[in-house]
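Every number for a ligand or one of its atoms is a count from 1 in the order of the listing.
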Amino acid sequence: MSTVLIKNGRIITAVDDYQADILIEDGRVRTIGKDIAVGDGVEVHDAAGLLVIPGGVDVHTHLDWEFGSARTVDTFETGTMAAAFGGTTTVVDFCNQNHGESPLVGLEDWYQRSASACIDVAAHMIMLDVNDQSLEDMKTLIHREGVSSFKLFMAYPGVLMLDDGALFKAMRMAGDNGAMICVHAENGGVIQVLVDEAVAAGNRSPKFHSLTRPTIMEGEATHRAIRISELAETPLYIVHLSAAEALAAVTEGRDRGIAVHAETCPHYLFLTDEEYDRPEFEGAKYVMTPPLRTHHHQEAMWRGLKTNDLQVISTDHCPFCFAEQPYGLKFSKQQGADDFSKIPNGAPGLETRLPLVFDGCVNDKGMSLNRFVELTSTTPAKLFGMFPKKGTIAVGTDGDIVLFDPDETWTITAAEHHSRIDYSLFEGRAVQGRVKKVFSRGNLVVDGTNWLGRAGGGEILKRSTSGVI
Ligand code: DUC
Ligand code: ZN
Ligand code: ZN
């Protein structure tokens with residue numbers, strides 16, 4: 001493992017902003033100081049004019065994941081390579097229990113799939129059966145495997161959805177054992193009625209995905225999840241929050257001192273439901289859950305970031321190709337060509353999160369560089385039991401570092417992406433701010449457009465207590 005010196009950069013963490021050199025040895029930050037002198041054999045990188053930030057931490061991805069009749073198209077190799085090119089050096093991915101099986105079996109499967117990761121990865125567990133044995137298994141996951149967060153679905157009845165009693169039992173177990181519960185908060189029962197009615201009436205275009213998932217049903221489920229978690233005394237994390245009503249529930253809970261946290265995603269900050277008016281089947285590219293919302297809800301998301309009622313921006317990278325080829329129908333939106341309810345729900349985002357958030361938060365909304373780092377790296381690392389190893393730059397932390405040019409303007413295009421996905425939600429969008437070099441535990445993995453990482457170069461992280469900020 002090489003010794004690396006990053007010179008002359010402007011170091012930004014969630015709380016710092018200063019000029020210094022960083023020496024990384026054996027994968028960890030060894031020294032931070034002015035004009036660090038080194039001998040031969042040290043790899044030196046000049047970061048003059050660049051921001052030196054902790055590697056991004058994306059706590060919401062679905063790599064190589066079976067979802068109903070579909071499978072996400074990125075392997076751990078391609079997905080984490082894409083992440084690295086986008087300045088993300090740690091990913092927490094969702095693995096799942098299968099019905100009738102132990103969640104430990106789901107984790108074993110995830111260990112095999114994630115062995116090709118190029119950067120460090122950790123797992124959350126999606127619980128599908130909550131019973132005496134699986135509740136015991138949650139303890140094993142937390143204490144033996146370092147899986148200290150669980151996702152519970154309040155949507156997709158008959159497939160993923162849990163009833164309120166199961167939510168409560170799983171939450172209580174998590175809370176008693178230092179874990180956090182993530183929820184997909186939508187009222188699945190009501191939504192299913194709306195979906196069935198739309199399909200029966202012949203309303204089958206992608207736009208009906210959005211019309212059948214009303215924001216008040218996200219608000220209702222978010223409120224319910226918060227109340228149940230309050231009784232269960234567990235920290236709660238609302239994933240992919242998109243609606244003003246849901247944010248209001250989070251704000252209300254936080255104001256009462258409840259340990260509820262929430263993330264939103266770049267697509268809710270930068271896109272609206274107008275995308276569903278695209279011609280032909282193009283709107284299918286934007287079929288993710290929850291769907292894109294109106295400007296009113298988008299403004300609420302920005303308010304939440306400002307007041308810290310939203311603490312994290314992650315991607316929900318859940319990539320299904322638009323075209324059927326070259327990977328096949330299983331990996332493609334075309335499954336729903338005649339019926340929106342069959343379109344695999346999910347969209348890509350891993351590769352563009354940092355530049356988009358930088359451009360939107362810092363350049364457009366005037367947020368501080370510290371807040372940018374906090375939202376994309378520090379807070380997710382803290383909330384999910386990885387801080388300070390991940391999420392900051394300090395003596396002893398992992399050498400996960402991004403050299404970021406705050407001035408370069410470039411245009412997003414899927415043609416230049418490293419993910420296997422064949423489209424970008426942000427095709428043609430100009431952004432200011434670009435990832436130049438990326439170090440994963442001191443190894444230079446991205447150098448401009450050059451890939452220097454390798455499949456299997458990532459480590460599987462065992463996490464400590466989640467839900468502590
Ligand atoms: N929820 C997610 O978090 N990802 C993909 C689909 C979904 O419903
Ligand atoms: Zn979800
Ligand atoms: Zn997701």
* Asked: Which residue and non-hydrogen atom of the protein lie closest to atom 3 (O) of ligand 1, and at what distance in Å?
  ->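 Its nearest protein heavy-atom neighbour is K151 NZ, 2.6 Å.
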
* To do: Could you check atom 7 (C) of ligand 1 against the protein and tell me its nearest heavy-atom contact, residue, atom and distance included?
  =>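 Result for atom 7 (C) of ligand 1: Y156 OH, 3.5 Å.
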
* Less than 3.5 Å between some nitrogen or oxygen of W65 and one of ligand 1, yes or no? ->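 In fact, backbone or side chain, W65 has no N or O that close.
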
* Asked: Does an N or O from H60, backbone or side chain, lie closer than 3.5 Å to an N or O of ligand 1?
  ->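 N/O-N/O distance under 3.5 Å: yes.
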
* Could you check which N/O/S atom of H184 is closest to the Zn ion (ligand 2)? =>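 The nearest such atom is ND1.
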
Any salt bridge between [X] and [Y], counting N to O under 4.0 Å?
X	Y	value
E427	K285	no
K207	D277	yes
R303	D309	yes
R224	E220	yes
R420	E77	no

Show the atoms of ligand 1 that are less than 4.0 angstrom away from any heavy atom in [X].
X	value
H240	1 (N), 2 (C), 3 (O)
N345	5 (C), 6 (C)
H184	1 (N), 7 (C), 8 (O)
T289	8 (O)

* Asked: Is the shortest distance from a heavy atom of D316 to ligand 1 less than 4.0 Å?
  ->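 It does, in that a heavy atom of D316 comes within the 4.0 Å cut-off of ligand 1.
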
* To do: Compute the minimum heavy-atom distance from F67 to ligand 1 and say whether it is under 4.0 Å.
  =>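 So F67 counts as touching ligand 1.
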
* Among P290, P344, C318, S314, which one has a heavy atom closest to atom 5 (C) of ligand 1? ->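 Shortest heavy-atom distance from atom 5 (C) of ligand 1: C318.
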
* To do: Might you work through the side chain to side chain donor-acceptor pair (under 3.5 Å) test for T289 and E186, ending with a clear yes or no?
  => CA-CA 9 Å; T289 307; E186 284 186 303; 5.2 Å; no

* To do: Applying side chain to side chain donor-acceptor pair (under 3.5 Å) between H62 and each of N96, D74, D316, report the one that passes.
  =>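 Testing each of N96, D74, D316 against H62, the sole residue satisfying side chain to side chain donor-acceptor pair (under 3.5 Å) is D316.
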
* To do: Using only N, O or S atoms, tell me which atom of D316 is closest to the Zn ion (ligand 3).
  =>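 Looking at D316, the N, O or S atom with the least distance to the Zn ion (ligand 3) is OD1.
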
* Can you tell me the N, O or S atom of H60 that's nearest the Zn ion (ligand 3)? ->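 Considering only N, O and S atoms, H60 comes nearest to the Zn ion (ligand 3) through NE2.
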
* Look at H62 and state whether any of its N, O or S atoms is less than 2.8 Å from the Zn ion (ligand 3). =>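 So H62 counts as coordinating the Zn ion (ligand 3), yes.
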
* **Closest non-hydrogen atom pair, R113 against C95** =>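 Closest approach of R113 to C95, heavy atoms only: NH2-CB, 4.2 Å.
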
* Asked: Quick one: does D398's side chain have a donor or acceptor within less than 3.5 Å of a partner on D400's backbone?
  ->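 Side chain of D398 to backbone of D400: no pair is present.
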
* W110 and ring pair (Phe, Tyr, Trp, His ring centres under 6.0 Å): which partner among F76, F94, W65? ->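 It is F76, the one option of F76, F94, W65 that forms the ring pair (Phe, Tyr, Trp, His ring centres under 6.0 Å) with W110.
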
* To do: Report yes or no: does V239 have an N/O/S atom closer than 2.8 Å to the Zn ion (ligand 2)?
  =>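 No, V239 does not qualify, because none of its backbone or side-chain N, O or S atoms lies under 2.8 Å.
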
